[in-house]
S.K.: 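Could you have a look at this structure, given as structure tokens, before my questions?
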Amino acid sequence: MDYANLISGGHPQALPEDRPLMNSRVLGMVNFGPVFRKPVLEEGSPFLSLRMTSADEKGFVEQWTAGPAQASVSGNLVYAHDGEYLFCAAEIPASERCRNLTRKTYLAAFELMDELGYPRLFRMWNYIPRINEDNADGLEIYRDFCAGRSEAFELYGRRRHLPMPAATGIGAQGGNIAFFFLSCRSGRVTFLENPRQMPAYTYPRQYGPRSPSFARATCVQHDALGVLNLYISGTASIIGHETVHRSDLMRQCDVTLENISLLIGRDNLIRHGIETPADLTLRDVDFIKVYVRHAEDIPAVRRRCREAFAPHANIQFLNVDICRSDLLVEIEGIITVPLRADGTQDGAGLNPRWLVHEETSDQ
Ligand SMILES: C=C(O[C@@H]1C=C(C(=O)O)C=C[C@H]1O)C(=O)O
């Protein structure tokens with residue numbers, strides 16, 4: 001596999017025997033690179049390419065692997081499942097306003113989850129080019145998107161209980177709106193809120209005709225494996241429902257990091273009925289994506305994040321717009337926690353692998 005070609009937006013070619021990338025254990029792959037391509041099946045696995053970097057940046061491929069998976073396509077949904085987890089990616093075709101197509105595509109995704117038997121939706125990622133620009137009606141595209149998504153949750157929720165999962169709703173450097181999500185069949189799923197922030201789905205109408213549909217985090221517990229995965233939503237400098245420190249990058253970083261610390265802290269976990277052998281802190285967060293509005297702010301944000309997170313944490317910095325035009329930075333991550341007192345675990349639950357450019361140059 002020519003990873004460099006893959007990351008730079010080329011089509012995957014035949015795999016070398018020693019480096020099975022798109023094999024049957026791959027639930028899905030998401031390329032964070034310079035070219036948008038709608039999700040397709042490549043070498044038997046779902047593959048979505050997001051335009052998230054400039055041509056001269058390294059980029060990376062996020063690979064979700066689990067058990068032997070079956071992959072297929074249904075309309076504009078491309079998916080794979082392994083008996084416990086479902087990965088599904090979709091493009092929302094370009095239009096002058098996205099509410100209706102967002103609602104339609106989201107509803108199709110919920111139906112698929114149900115039909116395949118993976119009803120426990122636990123993490124969604126939404127990539128929205130021109131997120132702060134206006135649609136044909138003068139409504140911000142993010143708000144238009146939120147309206148369609150909210151309608152899908154409401155309509156589907158009349159038939160099936162479907163709590164809102166952890167999510168990210170962030171800009172992209174081009175292409176069309178695309179989302180991918182993870183759901184599971186038997187993991188014990190808990191949805192967390194942050195006492196310092198109003199639940200997003202209760203935001204007042206000043207932020208749009210319908211509020212964003214997501215929780216602050218989702219916890220998936222696999223008691224048989226002795227492990228818990230905590231998926232942290234994109235988090236920003238919002239207290240209550242208001243953006244704070246509108247023009248102060250470093251204060252926005254601090255509030256964002258404080259929000260995550262509070263969210264994963266012992267008091268909040270216990271409030272949601274979750275017990276872990278040790279207190280969780282920022283040092284436990286991994287697979288951290290840091291979204292930064294202005295490219296020139298990345299070095300300062302990088303320094304601050306390197307202070308806050310563990311040295312071994314996987315961190316990627318992406319220069320994209322953020323869901324509110326007064327937000328300068330946003331952070332998401334994942335924590336994997338052994339549940340047994342002796343620290344043993346019979347599996348890691350579901351984490352991604354990041355194949356970054358340096359790792360691929362010797363392919
Ligand atoms: C930063 C916030 O929201 C962002 C938008 C989200 C969405 O619309 O799915 C989810 C998390 C963040 O990426 C927030 O409202 O606190």
S.K.: Check whether R293 reaches the backbone of I322 with its side chain - one donor and one acceptor, N or O, closer than 3.5 Å.
M.R.: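 Checking the backbone N and O of I322 against the side chain of R293, a donor-acceptor pair under 3.5 Å is found.
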
S.K.: May I ask you to say whether D346 pairs ionically with R340, meaning some side-chain N is under 4.0 Å from a carboxylate O?
M.R.: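 Yes, D346 and R340 are salt-bridged.
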
S.K.: Any Lys/Arg nitrogen of R159 or E111 sitting under 4.0 Å from an Asp/Glu carboxylate oxygen of the other?
M.R.: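 Yes, charged N to carboxylate O under 4.0 Å.
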
S.K.: Both conditions, 6.0 Å and 45 degrees, for the charged tip of R51 above the ring of F36: are they met here?
M.R.: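 Geometry flag: not set, cation outside 6.0 Å or 45°.
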
S.K.: Looking at Y85, does the NZ or CZ of R123 lie under 6.0 angstrom from its six-membered ring centre and within 45 degrees of the ring axis?
M.R.: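 Geometry flag: not set, cation outside 6.0 Å or 45°.
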
S.K.: Looking at E307 and R303, is any side-chain nitrogen of the basic one under 4.0 Å from a carboxylate oxygen of the acidic one?
M.R.: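 Answer for the salt bridge query: no.
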
S.K.: Kindly say whether V26 contributes a backbone atom to a donor-acceptor pair with the side chain of T65 at under 3.5 angstrom?
M.R.: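 Answer holds: no.
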
S.K.: Please determine if E62 and R353 form a salt bridge, counting it only when a charged side-chain N lies under 4.0 Å from a carboxylate O.
M.R.: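 Between R353 and E62 there is no salt bridge, as every charged N stays at least 4.0 Å from the carboxylate O atoms.
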
S.K.: Check this for me, if you would: do K289 and E330 make a salt bridge, where the nitrogen-to-carboxylate-oxygen distance has to be below 4.0 angstrom?
M.R.: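 Judged by the 4.0 Å cut-off on N to carboxylate O distance, K289 and E330 do not form a salt bridge.
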
S.K.: Does a side-chain N-to-carboxylate-O contact under 4.0 Å join D254 and R304?
M.R.: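 Salt bridge: yes.
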
S.K.: Does the distance from a Lys or Arg side-chain N to an Asp or Glu carboxylate O, for R97 and D137, drop under 4.0 Å?
M.R.: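 A salt bridge is present here (some side-chain N lies under 4.0 Å from a carboxylate O).
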
S.K.: Is it true that E84 and R185 have a side-chain N and a carboxylate O under 4.0 angstrom from each other?
M.R.: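 Not counted as a salt bridge, because no side-chain N and carboxylate O are separated by less than 4.0 Å.
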
S.K.: Tell me whether the NZ or CZ atom of R160 lies within the 45° cone about the ring axis of F110 and under 6.0 Å from its centre.
M.R.: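 So R160 doesn't make the cation-pi contact.
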
